[in-house]
Amino acid sequence: MNRVKTLVEHRCFGGTQGVYSHQSECCRCEMTFGLFLPDAAKDGRVPSLWFLSGLTCTHENAMIKTGAQYWASRHGMALVFPDTSPRGEDVADHSDYDLGQGAGFYVNATETPWSGHFRMWDYVSEELPALLADRFPLDPGSQGITGHSMGGHGALTIGMTFPDRFRSLSAFAPIANPTQSDWGRKQFKAYLGGNEDAWKAHDASHLVARHGYPGKILIDQGSKDPFIDLLCPKALETALAASRQEAGFHHRSGYDHSYFFVMSFIPGHIQHHAAALKGS
C-alpha cells in the first residue's frame with residue numbers, strides 16, 4: 001500500500017480522478033500515472049480501460065483533454081493514464097522530440113544509453129497492472145487498452161501480444177507500420193538495435209498478419225491528419241482485410257490528429273470496450 005503516493009485527487013463525473021506516483025522497478029525511476037475511479041468502485045472491483053498517449057505527452061494529456069471520465073463513469077469503468085516514458089535527471093534523453101523522454105514507444109530498450117530505464121513494454125503490460133490490482137479495486141481479468149498515435153501503436157502491439165490481459169482493443173490514429181516509417185525506424189534502431197526482424201514484434205501491421213486478435217479491433221483515423229504519411233494507416237487496413245481480422249476501421253472526414261479528434265470519438269471507443277468487458 002505504501003508503494004503508491006497520492007499526488008492529488010479530484011471529484012469528477014461522479015467518481016474520483018487521481019494522480020499517483022511510485023518507484024518503478026522496470027523503469028528504475030519514479031513514475032507518475034493518472035487513474036479515474038467511478039463510484040461503482042466503492043462496491044467492488046471494476047473493469048478498466050488503459051489509455052496510452054503519444055509523442056511528447058505525459059499522463060496528463062488524455063486525462064485532461066478527452067472528457068473520457070464522463071463516459072467511463074456511465075459504464076462503471078476505471079481509466080488508467082500511464083506516462084509515455086521514464087523521466088528524471090538520470091534518465092537518458094535526446095534533443096529530438098521523438099526520441100528519449102516523452103517518446104518511449106512502448107518497447108523494452110536493449111541498446112545504450114536507453115536500456116537502463118526505457119522498459120515501457122514491461123511497465124504497461126506487467127508492472128503497473130499488478131500494482132493497480134493490488135492497490136485499487138480494479139478487476140485484473142477485465143481490462144481493455146486504447147491509445148493515440150504512438151500510444152495507439154503501443155495499444156495495438158501490447159493488446160495483440162497479451163489478449164488474455166487486455167480483452168478489448170482500439171486505437172486513435174495509431175502509428176500502424178513503424179518498421180516502414182520514420183516514426184518507428186529511427187526509434188527502433190536506437191532502442192532495439194539494427195536487427196529489423198526484432199522490430200516486427202512491435203509493428204501492428206505485422207502482428208495482424210502473424211496472429212491477429214481474438215476480438216474486434218476498433219480504429220479511428222482522421223482524413224486531415226497532417227502526420228498520415230508517418231502513421232501508415234493503409235498498411236494496417238490492408239493487413240486487417242487480408243487476415244480477415246474482425247475490425248471497424250473508420251476514416252473520419254475532416255478530422256486531424258489533435259485531441260479534438262480523440263474527444264469526438266472517445267464515446268464510441270468506451271462503448272466498444274464496455275461491451276467487450278461486460279462479460280469478461
Side-chain angles (χ1 to χ4, degrees), residues 1-22 24 30-54 56-85 87 102 123-124 128-149 151-152 154-155 166-173 218 220 258-278 280:
M1 297 287 284
N2 294 328
R3 295 170 62 198
V4 178
K5 299 176 184 177
T6 300
L7 302 183
V8 66
E9 290 181 333
H10 300 283
R11 190 72 173 150
C12 179
F13 290 118
T16 301
Q17 176 63 63
V19 178
Y20 309 90
S21 69
H22 70 108
S24 168
E30 192 83 2
M31 294 292 287
T32 301
F33 63 90
L35 175 66
F36 171 76
L37 285 175
D39 271 359
K42 295 178 180 178
D43 300 321
R45 292 186 178 270
V46 296
S48 56
L49 174 61
W50 290 65
F51 192 107
L52 307 187
S53 291
T56 75
C57 292
T58 70
H59 68 281
E60 284 192 325
N61 295 73
M63 185 181 80
I64 293 173
K65 295 180 178 180
T66 63
Q69 295 90 339
Y70 172 76
W71 304 100
S73 181
R74 293 181 63 178
H75 290 284
M77 178 183 292
L79 297 170
V80 184
F81 303 100
D83 203 345
T84 55
S85 78
R87 298 181 190 272
Y123 181 70
V124 170
L128 190 54
L131 180 72
L132 292 176
D134 179 63
R135 174 65 175 80
F136 298 97
L138 304 184
D139 181 354
S142 186
Q143 301 180 92
I145 191 165
T146 189
H148 174 230
S149 194
F166 298 100
R167 297 177 178 269
S168 56
L169 180 58
S170 74
F172 296 87
L218 176 63
D220 277 295
S258 71
Y259 272 96
F260 294 108
F261 157 65
V262 178
M263 186 192 308
S264 299
F265 300 105
I266 196 73
H269 281 246
I270 291 179
Q271 175 62 47
H272 164 78
H273 290 277
L277 297 175
K278 186 175 182 181
S280 64

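The figures that follow rest on heavy atoms only: side chains count, while hydrogens, waters and symmetry mates do not.
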>> Between Arg45 and Ala133 (side chain of the first, backbone of the second, donor and acceptor by atom type, cut-off under 3.5 Å), is there such a pair?
In response: yes
> How far apart are the C-alpha atoms of Tyr259 and Cys57, what are their side-chain angles, what is the distance that settles it, and do they pass the side-chain contact (heavy atoms from CB on, under 4.5 Å) test?
Replying inline: CA-CA 11 Å; Tyr259 272 96; Cys57 292; 3.9 Å; yes
> Between the side chain of Ser85 and the main-chain N/O of Gly102, is any donor-acceptor distance below 3.5 Å?
Replying inline: yes
> Thinking salt bridges, do Lys5 and Glu30 make one under a 4.0 Å N-O criterion?
Replying inline: yes
>> Nearest 0.5 Å, please: how far is OG in Ser53 from CG in Asn61?
In response: 5.5 Å
> NE2/His59 to CG/Leu7 distance, rounded to the nearest 0.5 angstrom?
Replying inline: 7.5 Å
> What's the spacing between Leu218 CG and Leu169 CG if we round to 0.5 Å?
Replying inline: 9.0 Å
>> Would you compute the distance between atom CD1 of Ile64 and atom CD of Gln17 and round it to the nearest 0.5 angstrom?
In response: 8.5 Å
>> Go through it in stages, so that I can follow the logic: the residues are Trp50 and Thr146, the test is side-chain contact (heavy atoms from CB on, under 4.5 Å), and I'd like the CA-CA distance, side-chain angles, deciding distance and then a yes or no.
In response: CA-CA 6 Å; Trp50 290 65; Thr146 189; over 6 Å; no
> Between Thr58 and Glu60, is there a donor-acceptor pair closer than 3.5 Å when you use the side chain of the first and the backbone of the second?
Replying inline: yes
> If we ignore angles and hydrogens, is there a donor and acceptor under 3.5 Å between the side chains of Ser170 and His272?
Replying inline: no
> Hey, are the side chains of Ser264 and Phe172 touching, using non-hydrogen atoms and a 4.5 Å cut-off?
Replying inline: no
>> Under the criterion ring-ring contact (aromatic ring centres under 6.0 Å, His included), I'd like the reasoning laid out for Tyr20 against Phe136: C-alpha separation, chi angles, the key distance, then a yes or no.
In response: CA-CA 12 Å; Tyr20 309 90; Phe136 298 97; 5.1 Å; yes
>> What I'd like to find out is whether the side chain of Val46 reaches to under 4.5 Å of the side chain of Met77, using heavy atoms alone.
In response: no
>> Just so I know, are the side chains of Gln271 and His75 near enough to count as touching, which here means a heavy-atom distance under 4.5 Å?
In response: yes
>> Treating Ser258 as the side-chain partner and Phe260 as the backbone partner, does any N or O pair qualify as donor plus acceptor under 3.5 Å?
In response: yes
> Between Trp71 and His273, is any pair of side-chain heavy atoms under 4.5 Å apart?
Replying inline: no
> Which pair of heavy atoms, one from Thr66 and one from Met263, lies closest together, and at what distance?
Replying inline: O-CG, 3.6 Å
> Going from CD1 on Ile270 to CG on Leu79, what distance comes out if it is rounded to the nearest 0.5 angstrom?
Replying inline: 5.5 Å
> Between the main-chain N or O of Gly15 and the side-chain N or O of Ser73, is there a donor-acceptor pair closer than 3.5 Å?
Replying inline: no
> Is there side-chain contact between Val80 and Leu49, with heavy atoms separated by less than 4.5 Å?
Replying inline: no
>> Set out, in order, the CA-CA distance, both residues' side-chain angles and the distance that settles side-chain contact (heavy atoms from CB on, under 4.5 Å) for His269 and Asp220, then state yes or no.
In response: CA-CA 9 Å; His269 281 246; Asp220 277 295; 2.6 Å; yes
>> Run the side-chain contact (heavy atoms from CB on, under 4.5 Å) test on Leu52 and Thr84 for me, step by step, so that the C-alpha distance in whole Å, both residues' side-chain angles and the decisive distance to 0.1 Å come before the verdict.
In response: CA-CA 7 Å; Leu52 307 187; Thr84 55; over 6 Å; no
> Within the distance-only criterion (no hydrogens, no angle test), does the side chain of Arg3 pair as donor or acceptor with the backbone N or O of His22 below 3.5 angstrom?
Replying inline: no
> Is a salt bridge present between Asp39 and Arg11, judged by a nitrogen-to-oxygen distance below 4.0 Å?
Replying inline: yes
>> So does Leu138 get a backbone contact from the side chain of Ser48, meaning a donor-acceptor N/O pair under 3.5 Å?
In response: no
> Mind checking whether Phe166 and Leu277 have side chains closer than 4.5 Å, heavy atoms only?
Replying inline: no
> Given Phe51 and His148, is the ring-ring contact (aromatic ring centres under 6.0 Å, His included) satisfied, shown in steps?
Replying inline: CA-CA 8 Å; Phe51 192 107; His148 174 230; 7.2 Å; no
> Less than 4.5 Å apart, any side-chain heavy atom of Met63 and any of Gln69?
Replying inline: yes
>> Does any part of the side chain of His10, heavy atoms only, come nearer than 4.5 Å to the side chain of Val8, both counted from C-beta?
In response: yes
>> Under 3.5 Å, is there a donor on one side chain and an acceptor on the other for Glu9 and Thr16?
In response: no
